[in-house]
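Following: one structure in structure tokens, then a few remarks.
Remember, it's 1-based here, ligands and their atoms both numbered in the order they're listed.
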Amino acid sequence: MFLKRLECSACGLEHEWSRLQNLCRSCNKPLFAIVDLAAASYTMTRETLLTRDKSLWRYREVLPLPSDVEPVSLGEGGTPLLHAERVGNDVELWIKDESSNPTQSFKARGMSVAVSMAKYLGATKLAVPSAGNAGGALAAYAARAGMETHVFMPRDTPRANVVECRELGAHVTLIDGLITDCAAEIARRKANEGWFDMSTLKEPYRVEGKKTLGYELAEQLNWRLPDVILYPAGGGTGLIGMWKAFDEMEALGWIGKNRPRMFAVQAAGCAPIVRAFEAGEKNAAEFQNAHTIASGLRVPKAIGDFLMLKILRESNGGAVAIDDEEMIRVAREVGVAEGLFVCPEGAACFAALKLLRSAGTIASGQRVVIFNTGSGIKYLEAYDAD
Ligand SMILES: Cc1ncc(COP(=O)(O)O)c(C=O)c1O
Ligand SMILES: [Zn+2]
């Protein structure tokens, strides 16, 4: 294993990786895993990757977990990058279809890595606040690992997510409130209950799993990153993870200095990052009365807000809000045109592409990647409303 240490993403304070960690003990911001890339590069090269399985554990050298420990895996990662045949119009559009992951969303990536590490470091009971898909993914990986899981979700989370968690053996608590209220409930109870908090970015390894989105994308595009990435951002873990992957790949000598322009796509009813981006703020204020059918985007306050905003600005990207009716309409368009039943979060990115094209923010001919982060099948109430 080439994990060296954990480092605070805000103040740089070092933390040991060899015990369970949540936030920085000095400033309460997220911790990042620092990997010895020079050592990793002896065995993991662009050529050796060609011979490996397609699961995200193909990038084992840049992931945590000692090399003699078996990961908790259900075959996550290795998802298709599909060329959009019709909806791209005048850009070269690619869709990274994450719905083919275990439990049908990209949350599987983070949970495979984070549950593997939590188990290795001795956790026995896990807890997570979830907008829906993260809970399902944690329930699956914890079941696989033989661990106890507690999932806290808003009462109006899509039914499929709730049923899935229960069927996978998780203890499910429905809260009258938002994901932030679920997180507060876990924070209040975790010490007494002996739960390890698996909240995104409050635990250092979900972002490591999500960074494989960046490695896979580069590999599938033959090590030439796209001009633009559109990502549906709630907590922002995928965005932050991909950005980390790009820096690591540059250090490995696999890609150059150029970065895609990164766009965060949010729901009009919950757009804290869009607001903060437009106001030139470094942090995002909590978004009041958050509501959207794109449950994964119903995150009124994200602990990684400052990291997301930095990436959007450094990459000359931006942030776009889409309303729910448009997501539903565009999801049907994508379904008919491309044969993909996308989640509302993914649909929002297609709608954002249209907006950015008509505003001229994205030029014609650009190579654009959209992340369809999950399957529409989990959102039947939203799609079957009429
Ligand atoms: C389908 C889907 N897309 C996007 C997101 C947002 O992900 P992130 O927290 O990485 O921003 C979520 C989170 O729940 C989700 O379930
Ligand atoms: Zn710190």
Side-chain angles (χ1 to χ4, degrees), residues 6-15 21-32 96-99 101 103-111 128-138 151 153-154 157-158 160-161 164 178-179 182-183 199-202 204 206-207 209-211 213-214 229-243 262-267 270-273 284 292-308 311-312 319 322 327 331 341-349 370-379 382:
L6 297 171
E7 207 174 274
C8 176
S9 58
C11 77
L13 186 69
E14 287 187 19
H15 292 64
Q21 301 274 8
N22 286 115
L23 294 171
C24 171
R25 64 175 169 271
S26 166
C27 73
N28 267 327
K29 297 291 185 199
L31 299 177
F32 279 167
K96 182 73 173 149
D97 185 23
E98 288 291 297
S99 67
N101 275 301
T103 69
Q104 294 79 51
S105 92
F106 74 147
K107 298 282 173 183
R109 293 180 186 265
M111 290 304 184
V128 79
S130 172
N133 286 316
L138 177 61
V151 178
M153 298 192 273
T157 296
N161 298 124
E164 174 181 45
L178 296 169
I179 190 168
C182 297
S199 301
T200 198
L201 290 169
K202 292 185 187 166
R206 282 175 66 183
V207 71
K210 289 270 190 86
K211 87 181 177 190
L213 288 169
I229 285 179
L230 300 175
Y231 176 87
T237 315
L239 197 76
I240 295 163
M242 275 191 273
W243 198 251
M262 308 291 278
F263 286 86
V265 181
Q266 298 203 299
C270 183
I273 300 301
T292 169
I293 49 129
S295 44
L297 305 184
R298 207 166 42 150
V299 181
K301 176 81 189 149
I303 189 158
D305 56 355
F306 69 105
L307 296 167
M308 271 189 270
I311 293 166
L312 303 180
I322 303 295
M327 290 181 211
F341 186 16
V342 297
C343 58
E345 295 84 348
C349 294
I370 280 179
F371 283 86
N372 177 45
T373 43
S375 169
I377 207 81
K378 297 270 179 89
Y379 300 79

Min N/O separation Gly234 to ligand 1 under 3.5 Å: yes
Min side-chain heavy-atom separation Leu201-Val207 under 4.5 Å: yes
Ser375: partners by side chain to side chain donor-acceptor pair (under 3.5 Å), with sequence neighbours left out: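 Partners of Ser375 under the side chain to side chain donor-acceptor pair (under 3.5 Å) test: none.
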Considering all heavy atoms, the nearest Thr157-Ala131 contact: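 Closest heavy-atom pair between Thr157 and Ala131: CG2-O, 3.4 Å.
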Heavy atom of [X] under 4.0 Å from ligand 1?
X      : result
Ala233 : yes
Pro232 : yes
Tyr231 : yes
Lys210 : yes

Which of the numbered atoms in ligand 1 are below 4.0 angstrom from a heavy atom of [X]?
X      : value
Gly235 : 8 (P), 9 (O), 11 (O)
Gly236 : 8 (P), 9 (O), 10 (O), 11 (O)
Tyr379 : 1 (C)
Gly238 : 10 (O)

Do me a favour and list the nearest non-hydrogen protein atom to [atom] with residue, atom name and distance?
atom                    : value
atom 2 (C) of ligand 1  : Thr373 OG1, 3.4 Å
atom 7 (O) of ligand 1  : Phe106 CZ, 3.2 Å
atom 16 (O) of ligand 1 : Asn133 ND2, 2.9 Å

Which segment of Phe371 sits under 4.0 Å of ligand 1 when only heavy atoms are counted: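 For Phe371, no heavy atom sits under 4.0 Å from ligand 1.
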Given 3.5 Å as the limit, does a donor-acceptor pair link the side chain of [X] with the main chain of [Y], or not?
X      : Y      : answer
Ser130 : Gly135 : yes
Asn372 : Asp97  : no
Gln21  : Pro204 : no

From Leu297, Thr292, Ile322, Ile293, residue fulfilling side-chain contact (heavy atoms from CB on, under 4.5 Å) relative to Pro344: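 Only one of Leu297, Thr292, Ile322, Ile293 forms a side-chain contact (heavy atoms from CB on, under 4.5 Å) with Pro344, namely Ile293.
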Of the listed options Glu345, Lys107, Arg298, Arg206, closest to atom 12 (C) of ligand 1 (non-hydrogen atoms):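 Considering heavy atoms of Glu345, Lys107, Arg298, Arg206, the nearest to atom 12 (C) of ligand 1 sits in Lys107.
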Angle at the Zn ion (ligand 2) (to 10°), with one arm to SG of Cys24 and the other to SG of Cys11: 110°
Cys27 atom SG and Cys8 atom SG as seen from the Zn ion (ligand 2), angle to 10 degrees: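 Here the angle at the metal atom is close to 100°, to 10°.
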Point-to-point distance, once rounded to the nearest 0.5 Å, from CH2 of Trp243 to OH of Tyr231: 14.5 Å
Worked check of side chain to side chain contact (heavy atoms under 4.5 Å, CB included) between Phe306 and Lys29: CA-CA 10 Å; Phe306 69 105; Lys29 297 291 185 199; 3.7 Å; yes
From CA spacing to verdict: side chain to side chain contact (heavy atoms under 4.5 Å, CB included), Glu345, Ser295: CA-CA 8 Å; Glu345 295 84 348; Ser295 44; 4.1 Å; yes
